[in-house]
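Numbers here simply count residues along the sequence, with the first being 1.
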Amino acid sequence: MQLASISANLLFISFIAYLAATLFFGGAVKGAKTQEAYENNRWGKIAIGITIVGFITHLGYFITRWIASAHAPVSNMFEFITAFAMMVVGAFILLFFLYRTPSLGLFALPLAVVMIGYASMFPRELTPLIPALQTYWLTIHVITAAIGEAILAISAVAGLVFLLKNVDLTKRSKQRFWLESVMFTLMLVVGFILSSSTFAIIGYEAKFTYINKNDQAAQIVYNYPPLFGMNEYESLTPDKMTPLAEMPPIVNAKTLTTFVWSVATGIVLYLLLRLILRRPVATLFQPFAKKANSQVMDEIGYRSVLIGFPVFTLGALIFAMIWAHEAWSRFWGWDPKEVWALITWLFYAAYLHLRLSRGWEGEKSAWLAVIGFIIIMFNLIAVNLIIAGLHSYA
């Protein structure tokens, strides 16, 4: 337990470090008067130093939790997302030393911060692995896939910076609409963190029994007022809200409830922000991308996919199929997670095809990189949590 406590403290330190580094990267971007100052700003040097400290403590969290749990800490949503955030920061550090662009840090580190905040909403207790996961293939498959996705995430960050710099937000256009849609999606994530934190603080709990997809009786605890009930549910806390609708066994009604509450909160936040600003939310972030070099951002986005795609292929498809054959005597089973891993792979294969053979550079390439990351996050959140399958996390 002492090692687990050290692990949690190290993760918290890395979270604070990433927040602090974001502020310093902001100072580096806003304070630079020339391109040379932008690339070699002392605020930027402090920021990358703090980022490295945060990454080292994050790595310390990963190692100490691995020792404490006696298995690679990637077996549930909390562990996987915190590990994913660590890999995103690691990929960013590598690319920062290659390209020296503070704007990349200003947008990459908040992504890691949001991921850690999101992960903290899931159970953090150390639990033994179920028999199906007690294999070295868990470590090989999941970590390799996560590294590939983390590198691909940096391509989306570079793409977003490129779009904020080059899309004219003063005129109505399809580009402005879709860029604002990305900002709206970010508000939904903030809505999740805010709503889950609020109900956690007030200690909301509603308990139910239900019949799971294996026709077995089970219990579940809701931390949000239940909008949707599990299959054949019965309330154990009659003083709490009754679900508005009952879901079939294939749907995780608790997660669907969380999703709807998060979306509703995010929509309210977005509308309030629009009312206060009286202009697109994207205009808040555009000044931080103005000094970025468009050509460099385009190159970072492309090279990230060029590196991340084969790593993702190895981890998410090849290693996954080998493990599937060992576990279930088949390479492929059309499980929802497998299907979306294939969709993700096909999308990035199409990205490289369009980039190399059709000359889709600049803005087109940036849009593809952002869309690709949205697919990755849909796979991580919706497919893992809402759709019941072999890969569903507890």
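- V88 and I13 sit in two unconnected hydrophobic clusters of ILVMFWY residues. Membership requires side-chain heavy atoms under 4.5 Å apart, directly or through other members.
- Taking the six-membered ring where the residue is Trp, the centroids of Y18 and F25 are separated by 6.0 Å or more.
- There is a side-chain donor-acceptor pair under 3.5 Å between S75 and E79.
- Within the 4.5 Å cutoff, the side chain of F55 has no heavy atoms near those of the F92 side chain.
- With values rounded to the nearest 0.5 angstrom, I307 atom CD1 is found 6.0 Å from I151 atom CD1.
- Taking 4.5 Å as the limit, every side-chain heavy atom of L163 sits out of range of all side-chain heavy atoms of Q286.
- Between I374 and M377, the closest side-chain pair of non-hydrogen atoms is not below 4.5 Å.
- For residues 218-240, every residue pair satisfying the side-chain hydrogen bond (donor to acceptor under 3.5 Å, both in side chains) rule, not counting sequence neighbours, is listed here: S195-Y224.
- The line from NE2 of H58 to CG of L10 is 10.0 Å long, rounded to the nearest 0.5 Å.
- The two residues L59 and M86 come nearest to each other via the heavy atoms CA-SD, 3.6 Å.
- Distance check, rounded to the nearest 0.5 Å: CD1 of I267 to CG of L272 gives 12.0 Å.
- No cation-pi contact links R172 to F177, judged by a cut-off of 6.0 Å to the six-membered ring centre and 45° from its axis.
- In this view, R303 and E299 satisfy the salt bridge (charged side-chain N to carboxylate O under 4.0 Å, His left out) rule, not counting sequence neighbours.
- Hydrophobic cluster membership differs between M241 and F208, with clusters built from Ile, Leu, Val, Met, Phe, Trp and Tyr side chains linked at under 4.5 angstrom.
- The stretch residues 345-377 participates, sequence neighbours left out, in these ring-ring contact (aromatic ring centres under 6.0 Å, His included) pairs: F309-W345.
- Put simply, CG on L169 and CZ on F285 are 12.0 Å apart, with the number rounded to the nearest 0.5 Å.
- At least one side-chain heavy atom of I140 sits less than 4.5 Å from a side-chain heavy atom of W137.
- Not counting sequence neighbours, the partners of Y270 by the ring-ring contact (aromatic ring centres under 6.0 Å, His included) test are F184.
- The distance from atom OG of S14 to atom CD1 of I50, rounded to the nearest 0.5 Å, is 13.5 Å.
- Sorted by first and then second residue, the salt bridge (Lys or Arg N to Asp or Glu O under 4.0 Å) pairs with a member in residues 180-197 read E180-R274; sequence neighbours excluded.
- A donor-acceptor contact closer than 3.5 angstrom links the side chains of N166 and S294.
- Aromatic ring orientation, H141 versus W323: perpendicular (interplanar angle above 60°, classes split at 30° and 60°).
- A donor and an acceptor atom, one from each side chain of T283 and R279, are located under 3.5 Å apart.
- In this structure F162 satisfies the ring-ring contact (aromatic ring centres under 6.0 Å, His included) test with no other residue, sequence neighbours excluded.
- Side-chain contact between M87 and I143: present, with at least one pair of heavy atoms (C-beta onward) separated by less than 4.5 Å.
- Side-chain contact check for T82 and Y61: at least one donor-acceptor pair (N or O, by modelled atom type) lies under 3.5 Å.
- D298 places a side-chain heavy atom less than 4.5 Å from the side chain of E361.
- Atom-to-atom distance recorded for L11:CG and T64:OG1 is 9.5 Å, nearest 0.5 angstrom.
- Ring centers of W66 and F62: under 6.0 Å apart, within the cut-off.
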